[in-house]
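These notes concern the structure reproduced below.
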Amino acid sequence: MAEWKPTLEEGGGPLYLMLAEAILQDVRSGRLAPGSRLPNQRELAETLGASVGTVTRAYQVAESRGAIDSTPGRGTFVRRHQDADSVAGAPLSLDSSLVDLSVAHPLYGQEPVLGPALATLAQEVDVQRLLRYQPLDEIPRYRDAGNRWLRACGTEREEGAEILITSGAQHAGLVLTLALTEPGDLILADEITYPGFLSVAEQTHRRVRGVAMDAHGMLPEALRNTCEEERPRALYLTPTLQNPTGLILPEERRRELAGIAEAYDLLVLEDDTLRLLASAPPPTLASIVPERTFFVGSFSKAVTGGLRVAFVHSPPRYLAAARRAIGASVFMPSPLLVELATRWIEDGTAWDTVARKRGELEERHRIAREILGADAVRAQPQSLYLWLELGEGWRSAEFEAEARRQGVGVTPSRPFSVDASRPPDGVRICLSAAPGRRQLEEALGTLAHLLRNPGSRTPRLV
Ligand SMILES: Cc1ncc(COP(=O)(O)O)c(C=O)c1O
């Protein structure tokens, strides 16, 4: 029989699903006879102008439906004994097989196991106490755990220092914005930054202006110029494993930016949610200019996002205002969650989790460098994500749409852009969001192919 070629249905959808559907149809109709061999994946990818990853995924989907079998080293064959029902099953849908690298899921597979921790908690603690209203940051155990966490993050407060406890770093951003600034105030941030902070500013009617960056992060000269032109009140930074670029601001830059903050009397909101994942990050701004810096160290990315606990160091004169904002927003974080976070800090679970995640992230970055090329991957190797510059031929939104059609979710630049009218031509790829390394490899293979072939769009008919 002449080499089989798929007939792809017109009407779009991700290419790998169209291809999988074509295989299933041809198996059903007998055009692909039992026992016959499917084309080699690389050759079929070339024929279709697609990536090998796309063909691999299509074959996997068809295999999961019981239509074909792949044997490493031998090839892919149509099954001799078809399970007719599964071959004829429901139409393939995108959602079931999208590898979504657009959301910063912090490696769910590496997180602590909750069930036994809750059982131990119930045995060892008067859990009834956790149902009461209580001033959490005055309870010595919680305060000690928070200070331990923040010191591990590189702040330099003495033991027993006052802390704030919030329901995650997003909540800390809201609380500090409310406590330190007024509606209409100007806050400066990296020109591409964490969208959660932009949404806080929008909701609270604070203005944000983006400051130019280079390959290391915010440019001191650009910050100085902006301070000359305007009268900003605060500077928002995510200096370690920055969201979305994965960059770490070098020490010299930190010192220069801190100096400018002092010269122009800016308060500094240092959101270091990802810091503990980095192996040897430079000093915090909070250790350089502690009297004007609010340091946020969250549990979410380093341990688990569902626990909703962050610890904050604030210059003492702002503590009361920040506590009022916590009170106005949630009264207090949930004592149950703060108890659990404290226990995990005390018994080592939190630190073990951080170490496991770091190891897995380094491995995923190795894969990314191999597939996308070392030059394309500028993020530091423990970052949850990387920023992919698209170069000539791709606009960010177009690349995102085409990647999604081919079964891979990425985030376009617009949500991160302070100036939404000028989103840069890049996308964020969240390496930690793939369920496993194999899915990551395939998804990155698809993206690498797209990147190298700006003209390639999902073919309609072959
Ligand atoms: C820079 C930054 N800050 C804050 C957050 C929110 O963290 P949390 O889950 O602790 O609210 C994120 C989450 O992605 C983030 O990347």
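Residues take their numbers from the sequence shown, with the count starting at 1. Numbering of ligands and ligand atoms starts at 1, following listing order.
- The environment of CD in Glu202 is sparse: at most 12 heavy-atom neighbours from other residues, nucleotides or ligands sit within 6.0 Å.
- If you number the atoms of ligand 1 from 1 as listed, the ones under 4.0 Å from a heavy atom of Ser298 come out as 10 (O).
- In terms of protein heavy-atom proximity, atom 16 (O) of ligand 1 is nearest to Asn243 ND2, 2.8 Å.
- In terms of protein heavy-atom proximity, atom 13 (C) of ligand 1 is nearest to Lys301 CE, 3.1 Å.
- For the pair Tyr236 and ligand 1, the shortest N or O to N or O distance does not fall below 3.5 Å.
- If you look at Tyr318 and Phe294, their ring centroids are closer than 6.0 Å.
- For Arg395 and Asp425, the salt-bridge test passes: some basic side-chain N is under 4.0 Å from an acidic carboxylate O.
- Note on ring orientation: taking the six-membered ring where Trp is involved, the planes of Trp344 and Phe299 are parallel (angle under 30°, cut-offs 30° and 60°).
- Among Thr166, Val175, Leu176, Asp272, the single residue meeting the side chain to side chain contact (heavy atoms under 4.5 Å, CB included) criterion with Val296 is Leu176.
- Every atom of ligand 1 is numbered from 1 in the order shown, and the set under 4.0 Å from a heavy atom of Ser300 is 7 (O), 8 (P), 9 (O), 10 (O).
- The distance criterion of under 3.5 Å between nitrogen or oxygen atoms is not met by His171 with respect to ligand 1.
- Residues Arg358 and Glu362 are not paired through a salt bridge, judged by the lack of any N-O separation under 4.0 Å between the basic side chain and the carboxylate.
- Salt-bridge annotation for Glu156 and Arg151: absent, with no side-chain N of the basic residue lying under 4.0 Å from a carboxylate O of the acidic one.
- The two residues Leu249 and His216 have their closest heavy-atom pair at CD1-O, 3.4 Å.
- Counting the atoms of ligand 1 from 1 in the order shown, those under 4.0 Å from a heavy atom of Gly168 are 10 (O), 11 (O).
- Some N or O of Ala169 is nearer than 3.5 Å to an N or O of ligand 1, by distance alone.
- At least one N/O-N/O distance between Asp271 and ligand 1 falls below 3.5 Å.
- Considering backbone and side-chain atoms alike, Tyr194 places every N or O at 3.5 Å or more from each N or O of ligand 1.
- The protein non-hydrogen atom at the shortest distance from atom 9 (O) of ligand 1 is Arg308 NH1, 2.7 Å.
- Close contacts between ligand 1 and Tyr385 involve ligand atoms 16 (O) [criterion: under 4.0 Å to a heavy atom].
- The number of heavy atoms from other shown groups lying within 6.0 Å of CD (Glu124) is above 12.
- Near Thr238, meaning under 4.0 Å from any of its heavy atoms, are these atoms of ligand 1: 1 (C).
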